[in-house]
Amino acid sequence: MNSVIKGASYVLVHTPDMVVENGSTQTTERIVNPESDYLKQLPKHIRSYEQALGYLPNQTYIGNCTPDELAKVEQPWYDKPCEGKRFGKFGEIMPQEEFYLLMQVCDVFDLMYLEKSFVAAVKPTFEKHPLITPEIVARVHEGVEQEQIEAFVKEEHAEPILHGGKLVGYVKRAHDVDVNLSAHVILENLVSKASSVLSLLHVVHNTGIDKGDVDYVIDCCEEACGDMNQRGGGNFAKAAAEIAGLTGASGCDVRGFCAGPSHAMITAASLVKAGTYRNVIVTAGGCTAKLGMNGKDHVKKDMPVLEDMVGGFSVLVSQNDGISPEINNGICGRHAVGTGSSPQAVISSLVLEPLQKAGLKITDIDRYAVEMQNPDITKPAGAGDVPLANYKMIAALAVKNGDLERAGLNAFVQEHGMAGWAPTQGHIPSGVPYIGFCCEDILAGRVKKAMIIGKGSLFLGRMTNLFDGVSFIIQENSHESEEGGVSEGQVKSLIAKAMRDFALSLGAAGTEESR
Amino acid sequence: MSILKGKKVVIIGDRDGIPGPAIEECVKTAGGEAVFSATECFV
Amino acid sequence: MDLENQKRVKEFAEQYGPENVVVILGAAEGEAAGLAAETVTAGDPTFAGPLTGVQLGLSVYHICEDEIKAEVDPDVYDEQISMMEMVLDVDDIKSEMTSIREQYCKY
């Protein structure tokens, strides 16, 4: 029996100082061109927390606006502020100062320190967060003196932690020689871990699952943790599960660049379907390196730097309950080693081939979730509208395959596609941002089948020139249950069967008599 | 005059446009020698 | 353009002579194609990479331009590229590339 999706969570963290301090575009610029105009202009283009809240794609990410509602608003979106709510039905947009406390909570090796008065000022708000437990609050340290922070940043290669341009803490290196444990890497990993923890807390809340019932967590971010003897040794999953209080869970990390989340979802669905585990959470935190990645273009075009959000998401995959949307393991697309790297070969392997195998047409899928990058971010940077390009590719493929008239190309994109709303955090926009809305659309009967597509740029790791990608289908529940109880769907089908049997027996009796 | 024939061709593909290896396949048929092929990624 | 890629372009121009090198781009948009083309002809306009201030003037085309398409085996082009012609704004790419070549291309 297929596994189901019980629910999802989506979180963002507004990290204005980290854009400047930790984004790789900015750190590279400071090395090659420290006096550049860009670095001087950048601070003027950083958004306030309120501005980030009032940004429609961000509100869409946390569930306060649907993709269809977003698509109705004319682009660009950054100059059309909306009502900014911190919490949405899927998650929240956390401000930087509270996130720093969560990062410190996630540090179990005494590597991150915050300044005393900063902690004292932020802790009361942090404690009141509806999902932050007393166990988590108990992990917040009192903080250290400003002199200690300055000394470590100046003399010990510590990474500075800034808030509002002011030094409020540091992350120190975990080893004097090992670059894999440098302050830079530890900070990146703490950000990833903390944003994953926040997503986990929200998915537990959204689904109502008992924390002890989570058997397994799969992390699918794009960071690596380990030391010089095992650089990608891992287990962000278990590390985050520990802080989130999932005491019954083990876990592992699944990697595949931006395709990681789709690989992880297929793995989770298979583990549950096989009966290995009952409840598996797929989770990922965000990435500091990609903050302000296209900042130069945004500044040049006099826009706010829109890549100021760290993203996170979690999805709970469970045994079939007879109600929730199912993952159909039988229809999975995959880009194989021999597929080739031309865009048509890639999209054929992910969309056309699995559908053909299942006897379906491209037009049989109501919604496609591709790489849902926000076009507000990518268009000014010359990367185009990534989801739109993907939808056009699927439509072009449908035309080539005879599933669609050429004249219907644009209508197909409108009906089966969506406008992108996710931050450019690599794995975060990759197909998965739609899962939360998808479950709602399916439960409401608006969508019967949706395809989630993840693509990954393996060549960035310099180990292969290959591209990668996998896809899977989420569909209506077939109303079968294996949780012991009998579902409403099952009751209906049992009654229908009984009626049919009864009618048949009457008919049979009649036939007997007439003989 | 031919543009690619007999030339050393440097390929800068794009993940969301045409990736390097796809361009490489084309360049070979035109008699160019692909000495380098990369694929850039903006997302 | 990625800094490492700029470095490689510069090295190839030195190694083979700029007149013997052709750069072929696969950019997704006209503007991005134009910026990359400018980088390998007039120098890195973002002042970030090894090609800053280096005027290589290399011959540079986008794979979707007619001049290049005409030289490629039509079957291979159809298999590798043709679908993307339906997706990309090829006219915009062509006009950006032509403009850069007219201004900065030496070969």
Side-chain angles (χ1 to χ4, degrees), chain A residues 24-25 222 257-259 287 290 293-297 307 335 339-347 370-375 377-390 392-393 420 422-430 455-462 464-469, chain B:
Chain A
S24 60
T25 298
E222 295 178 81
F257 282 93
C258 307
C287 165
K290 288 195 170 87
M293 190 167 47
N294 296 291
K296 284 186 176 179
D297 292 296
E307 293 167 301
H335 179 276
T339 298
S341 67
S342 76
Q344 53 235 62
V346 172
I347 205 82
V370 293
E371 305 166 287
M372 302 315 299
Q373 277 101 349
N374 174 358
I377 297 172
T378 56
K379 271 159 68 177
D385 183 329
V386 177
L388 182 63
N390 274 281
K392 282 185 184 167
M393 279 187 229
T424 49
Q425 289 253 297
H427 55 291
I428 296 292
S430 194
K455 291 202 227 166
S457 307
L458 305 190
F459 43 84
L460 297 172
R462 287 7 182 220
T464 173
N465 247 319
L466 290 177
F467 201 72
D468 188 40
Chain B
M1 200 185 81
S2 160
I3 298 166
L4 293 168
K5 199 166 186 187
K7 292 288 163 99
K8 310 288 182 187
V9 182
V10 175
I11 296 162
I12 310 289
D14 187 327
R15 172 198 194 278
D16 297 298
I18 317 283
I23 300 177
E24 200 174 334
E25 291 299 320
C26 294
V27 165
K28 275 193 259 176
T29 70
E33 183 196 346
V35 290
F36 180 67
S37 167
T39 305
E40 298 203 323
C41 179
F42 295 95
V43 294

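- Proximity to chain A at a heavy-atom threshold of 4.5 Å picks out B:R15, B:D16, B:G17, B:P19 from residues 7-19 of chain B, in numerical order.
- Atom-to-atom distance recorded for B:C41:SG and A:F459:CZ is 6.0 Å, nearest 0.5 angstrom.
- Residue A:E371 touches chain B through its side chain alone, counting heavy-atom pairs closer than 4.5 Å.
- Looking at A:T378, the atoms closer than 4.5 Å to chain B (heavy atoms on both sides) all sit in the side chain, from C-beta outward.
- Between B:T39 and A:S457 there is no side-chain heavy-atom pair separated by less than 4.5 Å.
- The stretch residues 21-35 of chain B places B:P21, B:A22 near chain A, each with some heavy atom under 4.5 Å from a heavy atom of that chain.
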